[in-house]
Amino acid sequence: MLEIVQHVKDKDPNEREFHQAVDEVMASVEGVLDQHPEYRHAKILERLVEPDRVILFRVPWVDDQGIVQVNRGFRIEMNSAIGPYKGGLRFHPSVNLGILKFLAFEQVFKNALTTLPMGGGKGGSDFDPKGKSDLEVMRFCQSFMSELYRHIGPNTDVPAGDIGVGAREIGYLFGMYKKLKNEFTGVLTGKSISWGGSLIRPEATGYGSVYFAAEMLNTQNKTLEGKVCLVSGSGNVAQYTTEKLIEMGAKPITLSDSAGYIYDEAGIDADKLAFVKKLKNIRRGRIKEYAEEYPDAVYTPLDPGADHNPLWAHKADCAFPSATQNEINGKDAKNMIDNGVLLVSEGANMPTTPEGVHFFLGSHILYGPGKAANAGGVSVSGLEMTQNSMRLSWTREEVDERLRLIMRSIHKTCIEAAEQYGSPGNYVNGANIAGFTKVVNAMMDHGVV
Ligand code: NDP
């Protein structure tokens, strides 16, 4: 197994996050490969780690001062064995090929778990929407789509949102696609409800992560009622995670952004969450302002050089990392266990470093990896594609119920796969094995392509 990880590292030595994602999946599937020598013979692993296609392009645009800016655009079409490429677009200055390859690789297995026919992809740009005017964001999105439109389509590749890409950006991207192709199709998901979106799509990742947590707790006859919860981030996933936690009787006490975090001992309730939604989605402000509005809450700036993040050191029962990759290191994981955390449900993609994962698994807490726990977002994207194809819209209750059932099914699939391969209760192995098996069986059926 190590050979394939070494092969990936030798080939692209700078793609650290991609190595991490490959390493984790490969460690989980050793037992599967031992039982299926035909996979090795067909060089399945070598084929899985090589994207079907990488599209890299220039994105020139003009800022409000009339100055020309140039960003880099990407789309990684990773694997289409079980359906059209599907996965979000991320706009953030940290975006590079290695980060997008890790996200696309994760997406392949996550999408396989959803029960829906979707391959895996990811894309984005090193453009930073923070501090940009609406018109600048629009001009950037239009330039980005003026290249991307050639490569995507409702039966080919269907992008969605991710960090820095929300309803506003999806609107501008869709508008340009529609103009260039002269067709109105479900080429993007996360659309507004009045022009082809699905109810519950904005909520889906956060709600799904909480549903997954409830399923995990249920295996121990516990519920979320009264549980004190740490949530990181304050964007789409964090907001709807918090909303569902409140609805289910839990008590979320933290939220963050890249500059710092707030700790509200009394709990973030529905009114406070409404303030956060306005602050982040309309005024595009910083989480620091929460503590100005609610003086009992404490704001702590984050020190990027620190060896741990104090957000994870508060006493709590459950944790919902919902910001970004590698936001929980080994020390954070230890702090969480020492302070009573019994469940982690990852809304973000790969938010825990390998040391942190090792610690969680060794501590035998309920640990739901992103691939399974945050699959609700792409699941409802899949449902949005179905509704677009049928040209009808399901009700809020109908989509929410389907989301609930999908999260339950993903949970069951993980449990069964982990048990079958000798690691009961290990959701990391369960998710990797189940996703891997589905994708590679399809690849085997398709021959060497
Ligand atoms: P948003 O852009 O809506 O919010 C991201 C949040 O995370 C912001 O609060 C942001 O703070 C914070 N953040 C981003 N980068 C960093 C960083 N380097 N350090 C600390 N904080 C950071 O994104 P989403 O909520 O959509 O995505 C959050 C996570 O969930 C990502 O890992 C994403 O891949 C994952 N995810 C999202 C899905 C979706 O449906 N949206 C689906 C599945 C997974 P700031 O404003 O300061 O940048």
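Just so it is clear, the structure is predicted and the values come from calculations on it, not from any experiment. The figures here come from the full heavy-atom set of this structure, side chains too, leaving out hydrogens, waters and symmetry mates. Ligands are counted one by one from 1 in listed order, and the atoms in each one are counted from 1 as well.
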Say you draw a straight line from OG1 of Thr324 to CG of Asp257; how long is it, rounded to the nearest 0.5 Å?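 So the OG1 of Thr324 and the CG of Asp257 are separated by 12.5 Å.
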
Tabulating one pair per line, provide the atom names and distances (0.1 Å) for every N/O atom of ligand 1 that is less than 3.5 Å from a protein N/O atom.
| residue | atom | partner | partner atom | Å |
| --- | --- | --- | --- | --- |
| ligand 1 | 2 (O) | Gly164 | N | 2.9 |
| ligand 1 | 3 (O) | Asn236 | N | 2.9 |
| ligand 1 | 9 (O) | Ser234 | N | 3.0 |
| ligand 1 | 9 (O) | Ser234 | OG | 3.3 |
| ligand 1 | 11 (O) | Ser258 | N | 3.3 |
| ligand 1 | 25 (O) | Asn236 | N | 3.2 |
| ligand 1 | 25 (O) | Val237 | N | 2.9 |
| ligand 1 | 30 (O) | Gly347 | O | 3.4 |
| ligand 1 | 32 (O) | Ala323 | O | 3.4 |
| ligand 1 | 32 (O) | Asn349 | N | 3.2 |
| ligand 1 | 34 (O) | Arg90 | NH2 | 2.9 |
| ligand 1 | 34 (O) | Asp162 | OD1 | 2.6 |
| ligand 1 | 34 (O) | Asp162 | OD2 | 3.4 |
| ligand 1 | 34 (O) | Asn349 | ND2 | 2.8 |
| ligand 1 | 40 (O) | Arg201 | NH1 | 3.4 |
| ligand 1 | 40 (O) | Arg201 | NH2 | 3.0 |
| ligand 1 | 40 (O) | Thr205 | OG1 | 2.7 |
| ligand 1 | 46 (O) | Arg286 | NH1 | 3.3 |
| ligand 1 | 47 (O) | Lys130 | NZ | 3.4 |
| ligand 1 | 47 (O) | Ser258 | N | 2.8 |
| ligand 1 | 47 (O) | Ser258 | OG | 2.4 |
| ligand 1 | 47 (O) | Arg286 | NH1 | 3.3 |
| ligand 1 | 47 (O) | Arg286 | NH2 | 2.7 |
| ligand 1 | 48 (O) | Lys130 | NZ | 3.0 |

Taking ring-ring contact (aromatic ring centres under 6.0 Å, His included) as the cut-off, I'd like each qualifying pair that reaches into residues 102-126, sequence neighbours left out, listed once.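 Those involving residues 102-126 are Phe18-Phe105, Phe105-Phe109.
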
For Ser125, is there any backbone N or O sitting under 3.5 Å from a side-chain donor or acceptor partner on Asn71?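 It does not hold such a pair.
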
Does any pair with a residue in residues 301-310 pass side-chain hydrogen bond (donor to acceptor under 3.5 Å, both in side chains), and if so which ones, sequence neighbours excluded?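 Residue pairs with at least one partner in residues 301-310: Asp307-Lys331.
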
Please name the residue in the list Phe144, Tyr149, Phe74 that meets the ring pair (Phe, Tyr, Trp, His ring centres under 6.0 Å) test with Phe57.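 By the ring pair (Phe, Tyr, Trp, His ring centres under 6.0 Å) criterion, Phe57 pairs with just one of Phe144, Tyr149, Phe74: Phe144.
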
Listed partners of Glu265 passing side-chain hydrogen bond (donor to acceptor under 3.5 Å, both in side chains), at least two apart: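 Listed in chain order: nothing, the list is empty.
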
